[in-house]
Amino acid sequence: MENKIDNYNLYIFLFVILILPIEDTTVIYALTFLSILIFVINKIIHKSKIALYSSNNKVISIQWLIIFLCWVYGFAKGIINGNNLVFIIRNFAGMAVYVYFVVFLNIKPNKTKLAKLLMIASIISSALTIMAYLDLYYFRTGLTDRIPLVNDYASGNYNVLYTRQMLIFISIGFSLYGIIFTKCIKKILIYIFVFVLGTIAIFACIKQGGFQLAYIYTILISLIFIIIKKFSLRRKTIACLLFIFTILTAIFSIFSYISGGIVYRIFDPTDYGNNIRIKQIMLIFKEFTLFGNGLGAEFYGNLISSSELPYG
């Protein structure tokens, strides 16, 4: 019963967070804490211990503890410095998601079900991106504008951006793997459709250099894992492949920057957005201190991203 409650809690939480296009981070953090609270109450009722560290996943456990301690330090530093309490909490509200690692550490969810859930979320993200793009720039029905949960952003290049689009890369990798290893023709056609859907969403609807570069990276890293599985390679060979991949990525990035390709467009200093970000980086260095100013510390320059929340 305890494990069933834990698994249902996990799947419902992931379904809501990943599939429903919730853009309000406050709602996301609230749902995260609610799910963690249900998990803790379930453990208390069944008198089970909650592990904060796993000997089987030492590296990941240490990373989680370091991030958590950084948050504790930043929170304490912010309080000591008298920073605005609301800013302190919101500045690292993403800690709610990091804390959720404890839930994964204590339960053993079905990996196949999780993979399917992620795949579904990714496909929905691709489809929603294409639908929003067509509605905003071709059909103009106004339907997208009437959905309050979808915060779309349209630039002069006619692109659509919202948070869940990061999930699209999951279906790109999964479908490429499926196309190569699946023997059933019907499944191969489905994988091809999913792959094309994600590709159209990234190149035709999002039209962002960062997404396109991430797409290329996803394809390359997926091919490396496919080669590893196909030929049952040893660790030394895998390390060599990853090293070669890193070198090729660096070479591609250099030539792309020189030729004014994707990489150049990402960092183009003449671009208005990049110009502002460069100035913001210089401002950060100017106000940098070794031990930090704590969470919620405000920038005192005039290049803040939000007048309502002017913290770093």
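- Residues forming a side-chain contact (heavy atoms from CB on, under 4.5 Å) with I130 (at least two apart in sequence, or on another chain): L134, L197, I200, A201, C205.
- Take Y215 and apply the side-chain hydrogen bond (donor to acceptor under 3.5 Å, both in side chains) test, not counting sequence neighbours, and it matches T199.
- The hydrophobic side chain of L69 is isolated, with no ILVMFWY side chain under 4.5 Å apart from it.
- Grouping Ile, Leu, Val, Met, Phe, Trp and Tyr by side-chain contacts under 4.5 Å, direct or through others, puts I41 with L37, I45.
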Between side-chain atoms of residues 171-187 and protein atoms elsewhere (two or more places apart, or another chain), which donor-acceptor pairs fall under 3.5 Å?
from: S171; atom 1: OG; to: S122; atom 2: OG; distance (Å): 2.8
from: S171; atom 1: OG; to: I168; atom 2: O; distance (Å): 2.8
from: S175; atom 1: OG; to: S171; atom 2: O; distance (Å): 2.5
from: S175; atom 1: OG; to: I172; atom 2: O; distance (Å): 3.1
from: T182; atom 1: OG1; to: G178; atom 2: O; distance (Å): 2.7

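- Residues meeting the side-chain hydrogen bond (donor to acceptor under 3.5 Å, both in side chains) test with S125, sequence neighbours left out: none.
- Smallest separation of non-hydrogen atoms from N81 and G294: ND2-N, 4.4 Å.
- Between F211 and F203, every side-chain heavy-atom pair lies at or beyond the 4.5 Å cut-off.
- Not counting sequence neighbours, the partners of I66 by the side-chain contact (heavy atoms from CB on, under 4.5 Å) test are I62, C70.
- I67 meets the side-chain contact (heavy atoms from CB on, under 4.5 Å) test with F92, M95, Y98; sequence neighbours excluded.
- Not a single ring pair (Phe, Tyr, Trp, His ring centres under 6.0 Å) links F195 to another residue, sequence neighbours left out.
- Residues satisfying the ring pair (Phe, Tyr, Trp, His ring centres under 6.0 Å) test with Y191, not counting sequence neighbours, are none.
- S35 pairs by the side-chain hydrogen bond (donor to acceptor under 3.5 Å, both in side chains) definition with N9, Y100, not counting sequence neighbours.
- Partners of V72 according to the side-chain contact (heavy atoms from CB on, under 4.5 Å) rule, which considers only residues two or more places apart in sequence or in another chain, are F68.
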